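Below is one structure, written out as structure tokens, with a few remarks after it.
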Amino acid sequence: MNKNIIRTALAISLFAINAGNAATTSDVNALEKEFIAVENQLIIPELRLDDLQKERSQYDGFSGWFKGSTKKALDAEIEKNEAEAKKLGDTLTNLNKEIQAKVYDVALSYEKNGNYDKAIEFYMKVTNQNDNVKERIAACFKSKKDFMSAIKWLMLMKRTDSVLLEVADCYYCAGNKKETINWLFEILEPFDGNSSEVQALKLIEARKYSGLKSDFPEFYQRLSNVYLKKALKESSSSTAKANASYKKAVDLLVEDTGKSATEVSLTIVSDYQTNYTTALEILRRQTDAAERNYKDKLHDAEDEIHDARRRLERARGEADRHYQQQLKTAQDNIRKAEERLRTVESNPNATPAEKTSARNKVADARKNLDRLTHDRNKVIMDYMRPYERRMREAIEEKEKIERNKDEIINDYIAPYKKDVAETKRLLALIKDFHKTIQ
């Protein structure tokens, strides 16, 4: 029973609310009264259960052998009270959920009315501190201009670009320009093009300040790289937007270096050319590695065949010894069965059934020896079968590797070929962008 948990939750949730929230006050007060009433009802079956279980325990073991009807009656009453207690416990759980919802509504009402201290107080009383509640607490602290407390609660939330955008804004409102830029870059790198990143991109230049270059020596290069990623993403949907983003990437480096737009653009083309050349070189090296990988697989398969053949040859010698051991065991069994038969037949007190059983065991032992004598090859073949199967499997595995040589090599180098294709595609786009630079 979770009544203690429920009572604790109630204790931290109920409160005295001022007259400004009269409607909500009546709702919560009504729920509080209902909760207490149900809780009082729950005490009755719980106390009764304690008494019933103590009484029932007296009939466990020897003392309850002749008390079947009494035990059944007690078990039935225990089951009835457990069901009633569970029903009331479920009602308390549901009431607590309603109370929690009302607590949240009160907090939200305080927030909307600008009473942020009270709103925070009641948001804190919500048991389930999910991201929605944390977001509201952060918003209240931000409205109070307690930006560091707002950031603390934002950082307790799931890390998303929209949350980090709020973190950056709180730092900006707090006057911490360096951290503002730092968190905007956290959103932008890497750039995927979501709405929060688009907003961060608009903000990051608007948040420039004196001393920026000192705090972020590579600010312009990093921001230029973001615009390059943006241009490449936009190339599939809007040539005009992509060209504009590329121009922005170039302009940022022109502002930073003092070089001409053409010089900067040529440097970008050169960088992407280097990426493509590097990808080609990596592919070449990995193609050689793929050949070595294939040869290693083939060598391992040949080693397995060698091991399987050695085990098979060893099994041939063991198979005959195995057969001879079975033959000896069968002969020993006949001897023991015959000795047992003689003992039984010489015993005047032996029953006909015992004599028949002893004779049958002798007959069975002789049949087994006769079978072994005539089935020598089968016994040996049965012993050899798993070794022969492993030998076949090893040979088939080697043949499979030989058949799939091209596939094995291509699977190994596939990600590197993909990198080459992608860097080639990006280089072509960058070259097209470069043509637009005057």
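All values reported here derive from a predicted model rather than from experimental measurement.
Side chain to side chain, N182 and E186 fail the donor-acceptor criterion of an N or O pair below 3.5 Å. Side-chain atoms of T160 and S162 form a donor-acceptor pair, as typed in the model, at a separation below 3.5 Å. When only modelled atom types and interatomic distance are considered, N368 and R371 share a side-chain donor-acceptor pair under 3.5 Å. With no hydrogens or angles considered, a side-chain donor-acceptor pair links Y104 and N132 at under 3.5 Å. A donor-acceptor contact under 3.5 angstrom links the side chains of E255 and Y220, judged on distance only. Checked by atom type, the side-chain pair Y172/E179 shows no donor-acceptor distance below 3.5 Å. Side-chain N/O atoms of Y116 and D146 include no donor and acceptor closer than 3.5 Å. A donor and an acceptor atom, one from each side chain of Y412 and T287, are nowhere located under 3.5 Å apart. The closest side-chain donor-acceptor pair between S196 and Q199, if any, does not fall under 3.5 angstrom.
Salt-bridge check for D307 with R390: failed, with every basic side-chain N at 4.0 Å or more from each acidic carboxylate O. The residues K297 and D300 are annotated as not salt-bridged, no charged nitrogen and carboxylate oxygen being separated by less than 4.0 angstrom. Ion pairing between E304 and K398 fails under the 4.0 Å rule for side-chain N and carboxylate O. Taking a cutoff of 4.0 Å between a charged side-chain nitrogen and a carboxylate oxygen, E388 and R385 do not qualify as a salt bridge.
Using cut-offs of 30° and 60° on the angle between ring planes, the pair F219 and F185 is perpendicular.
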